[in-house]
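Encoded as structure tokens, the structure appears first; notes follow it.
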Number of protein chains: 2
Amino acid sequence: MRDRPGRGHRPAARESILDAIRAAEQLSRVELAAVTGLTEAAVSMTVRRLLDEGLLIETGRTPTGGKPRTMLRLDPAARLAVGVHLDRDVTTFVLTGQTGGVISRLARPALAADLADGIDLLLTASGVDRARCLGIGVVWPGPRDDVPHLRGWDPTELRKRLAEESGRPVLVEDGATAAAVGEYWVARIGADRPFAALHMGSSIGAGIVVDGRALRGSVGGFGHVCVQADGPECWCGSRGCLETLAGPEAVVAAARADPAAAAEAGLDRSVSRGVTADFAAVARAARAHGPRCLALLETSASYVAAAAESVVNLLDLDLLVLTGPGFAAASFVYGPAIMRRVQPAGARTWNRSVTVTVSSAAATASATGAAAVVLQSHLRRQQ
Amino acid sequence: MRDRPGRGHRPAARESILDAIRAAEQLSRVELAAVTGLTEAAVSMTVRRLLDEGLLIETGRTPTGGKPRTMLRLDPAARLAVGVHLDRDVTTFVLTGQTGGVISRLARPALAADLADGIDLLLTASGVDRARCLGIGVVWPGPRDDVPHLRGWDPTELRKRLAEESGRPVLVEDGATAAAVGEYWVARIGADRPFAALHMGSSIGAGIVVDGRALRGSVGGFGHVCVQADGPECWCGSRGCLETLAGPEAVVAAARADPAAAAEAGLDRSVSRGVTADFAAVARAARAHGPRCLALLETSASYVAAAAESVVNLLDLDLLVLTGPGFAAASFVYGPAIMRRVQPAGARTWNRSVTVTVSSAAATASATGAAAVVLQSHLRRQQ
DNA sequence: GGGCTTCGTTCAGTTGCTTAAGAATGTGGG
DNA sequence: CCCACATTCTTAAGCAACTGAACGAAGCCC
């Protein structure tokens, strides 16, 4: 009953074609037929409709033995999506085209008026056709993240309210899942195999994409993978959670508690600029050969690596993407640590070669990812 | 490109209807229309065809205000599947109908001739129409399980060879995944929500079903979830794996090493009857108030609970099913331990109420599950 | 220019479903 | 008993998506 055949006849060709072009960047009609399994006739018909609607554009021809292929691409400006990321001090808005590329960006103080207001400003400033905006993706901060004007709200409430205020569909997603969808959508990763995106912002999480669909994990689920069965108690009520032992908050707290590390990172004893910024300071210090900060990160990384290995083993993944500002700042520690732990066992025992990469736009992944979630939802009607 | 629209027009109605009836046991045509979202006309047409093919049977009528409904069920004998489970000393064959119910069972010494031979015997002895047998599901034992006549084979090889010998399609699945699919298919669990089936046979594993589809985990992935980041080295090359710390083999080894526990369980110092049997002996001893054996199980259970919590958190599950001979024998320890760990945090922090149940046919779950995998594959053509 | 190759389109036909109307099969009321 | 009435199921006509196969289009090579 999950995949009900829908009221009208759902034209699978449209979605197949759009998705295939998204994944390949550009394709000709015959290539589309080969890739999607449709006949050339069906592709021809559907493509014409998509061209008429302005979703696709013809772009050059590539020579062959006979008639050259006319290549097709998504028209980036045909459909737009907005992504919103709420941090403690600042709210970031991004406007992306249907290929996921960023068209414009806007940052405002966290408490500045309403979200709907910011979105309106972004759209106006960008001078785009507002009717083309498919919807708004919002990155839901973790339950512990300190976003004062959101405290006490739940995702459903935010979604309903923002949808009402902005008059557009709103999707709310956690940062890690959004980032994972972003990787799939924009960086064209994971079309052929499942993967996980590990995300470190003000907390740590993972988004898992299987067959191009995100598994709906709980907010911050990866942060509460157990890496120490009898470890210290976590705020969630359990013991030995990754977040407690190795999350950015834990790293920053440890750095503050250690005068030498705090000095290396230039952390003020009392004033915090937020977890994300403080963690970045620790990472910078480590990179500049601050031994205490480096040691703290190494410890954290060893736990993250253990949790990553759990996920890789559990779901038989062979691809991990590190993303989010935390990994953007400290991937030089976390990347190798994860690889060291994940690769040998994978190769030797499971005959699996695990790749660990860092996202190309790690620092802003979750906001652009939130926009990608909106784009994704318009392609895959089935849920 | 994953869900290509197929060569002909793929009739989604057939699959929706069969799956809806499977899940609900029996339904009338109007109910089917409501549940599947199809129109009554479409249901009528499709149902007639399914009746003609003998897949469905009409079974009684339930009164209403007007014309009574004629209820439809799957004809259990219309399609059959064989499940095969290879253990160290014995190979079990089960023949099930398309509802997953066991029609007949056969156990042979592990080394008795060929698998194809056993399947042939099973079908002959059952006196069923062999043409109705959709295929054979084989439970692939873990890489460490001691099945002598399979040593050095890989799943692909087994599949190809058995398909050739038996002349039927063969699907190979690991025990935990098979058991999970079996729960979904036979016990009608998880139609509305994702769940995990934890399986303990001669090793420990988990099958995860989301939207009625099994996530393809590696063989024994759950056994190599890390519950102790700096724990003892595992044969897989990693550290602190669940299986090393708490798997049945570890429990049995610990019982053997402890004279008091070995005495309680009646374990011979030198001769082993196989991990599964030895573990069952330990569980029996614990149930009969053998304190040392109980302590060993409690320790194991605390690790399993930690790993279970990781999975529950990671994938936001609210249902765990314990299955396999190991849990069948020792669920009185593992069930409460897992509940103690998983429920409080889930309820308090994630606003999620996690249910932990024991499978109704835990001891033989993987063999019947393997048959269910075959049935499942015939319903969901999409991979 | 005439093959040759490859790309894309057109057109008739099939199929799975829809909508709309009607047949079947029960209940309860005169 | 016969007739509304309710509800279930079937039949008939139509639409839209896709298939198959033949055909037009656009380049290269001789």
Side-chain angles (χ1 to χ4, degrees), chain A residues 1 3-21 24 26-53 56-73 381-382, chain B residues 1 3-21 24 26-53 55-73 379 381-382:
Chain A
M1 275 120 324
D3 42 6
R4 51 186 56 185
R7 205 133 297 277
H9 219 186
R10 166 156 51 92
R14 267 181 81 93
E15 296 170 9
S16 306
I17 287 176
L18 286 173
D19 196 42
I21 295 182
Q26 66 167 16
L27 284 175
S28 75
R29 290 174 177 78
V30 270
E31 288 169 325
L32 275 171
V35 167
T36 60
L38 297 163
T39 58
E40 296 175 8
V43 169
S44 194
M45 296 287 283
T46 313
V47 162
R48 183 172 41 221
R49 245 169 290 183
L50 292 171
L51 283 168
D52 289 347
E53 293 174 34
L56 294 181
I57 45 177
E58 295 190 330
T59 154
R61 8 191 85 198
T62 57
T64 62
K67 173 174 173 178
R69 305 174 176 166
T70 57
M71 305 308 286
L72 300 160
R73 287 172 181 266
R381 290 296 161 147
Q382 68 260 33
Chain B
M1 275 111 321
D3 41 7
R4 53 186 54 185
R7 205 133 296 277
H9 220 183
R10 166 154 53 90
R14 269 180 81 93
E15 297 171 8
S16 306
I17 286 175
L18 287 173
D19 195 43
I21 295 181
Q26 66 166 19
L27 284 174
S28 74
R29 290 172 176 80
V30 269
E31 288 168 325
L32 275 171
V35 167
T36 61
L38 297 163
T39 59
E40 295 173 9
V43 170
S44 193
M45 296 286 282
T46 313
V47 162
R48 182 174 40 222
R49 245 170 290 183
L50 293 170
L51 283 168
D52 288 347
E53 292 174 35
L55 291 181
L56 295 181
I57 46 177
E58 295 190 329
T59 155
R61 6 192 86 197
T62 57
T64 61
K67 174 175 174 178
R69 305 173 178 167
T70 57
M71 305 309 284
L72 301 160
R73 286 172 181 266
L379 216 152
R381 290 295 163 147
Q382 68 263 30

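The structure presented is a predicted model; accordingly, all values stated were derived computationally and were not measured.
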Atom CD in E15(A), atom OG1 in T36(A): separation rounded to 0.5 Å? 12.5 Å
What are the two closest heavy atoms between P68(B) and P63(B), and how far apart are they? CB-CA, 4.0 Å
What is the distance, rounded to the nearest whole Å, between atom CG of L51(B) and atom P of dT10(D)? 9 Å
Distance check, rounded to the nearest 0.5 Å: L50(A) atom CG versus M45(A) atom CE? 12.0 Å
So, applying side-chain contact (heavy atoms from CB on, under 4.5 Å) with I21(A), which one of L18(A), D19(A), I17(A) is it? I17(A)
Might you work through the side chain to side chain contact (heavy atoms under 4.5 Å, CB included) test for R73(B) and L56(B), ending with a clear yes or no? CA-CA 6 Å; R73(B) 286 172 181 266; L56(B) 295 181; over 6 Å; no
Once you round it to whole Å, what is the distance between C1' of dA17(D) and CG of L50(A)? 14 Å
Which atom pairs link the protein and nucleotides 28-30 of chain C when you take only N or O atoms and keep those under 3.5 Å?
none

Which nucleotide in the list dC17(C), dT19(C), dC18(D) gets nearest to the side chain of T46(A)? dC18(D)
Between C1' on dG8(C) and CD on E58(A), what's the gap in Å once rounded to a whole number? 10 Å
Which whole-number value in Å describes the distance from M71(B) CE to dT8(D) P? 11 Å
So CZ of R29(B) and CD of E58(B): to nearest 0.5 Å the spacing works out to 5.0 Å
Using only side-chain N and O atoms of R29(A), determine if any of them is under 4.0 Å from OP1 or OP2 of dC7(C). no
Are there any protein N/O atoms within less than 3.5 Å of an N/O atom in nucleotides 23-30 of chain D, and if so, which ones and at what distance?
{"residue": "dG27(D)", "atom": "OP1", "partner": "R61(A)", "partner atom": "NH1", "Å": "3.3"}

Write down the protein N/O and nucleotide N/O pairs, taken from nucleotides 10-13 of chain C, whose separation is under 3.5 Å; answer none if there are no such pairs.
{"residue": "dT10(C)", "atom": "OP2", "partner": "R48(A)", "partner atom": "NH1", "Å": "2.9"}

If I take atom CG in residue L27(A) and atom P in nucleotide dT6(C), what distance separates them, rounded to the nearest angstrom? 19 Å
Of the options L38(A), V35(A), L72(A), L27(A), which is the one that meets V43(A) in a side-chain contact (heavy atoms from CB on, under 4.5 Å)? L38(A)
Using a heavy-atom cut-off of 4.0 Å across all strands, would you classify R49(B) as base, sugar-phosphate, or nothing? sugar-phosphate
Atom of S28(B), atom of M71(B) and distance for their closest heavy-atom approach: N-CE, 3.6 Å
To the nearest angstrom, the CG-P distance between L32(B) and dT10(D) comes to 12 Å
Verify the contact: side-chain N or O of T39(B) to OP1 or OP2 of dT18(C), cut-off strictly under 4.0 Å; return yes or no. yes
Between E31(A) and A42(B), which is nearer to the 5' end of DNA chain C once each is assigned its nearest nucleotide? E31(A)
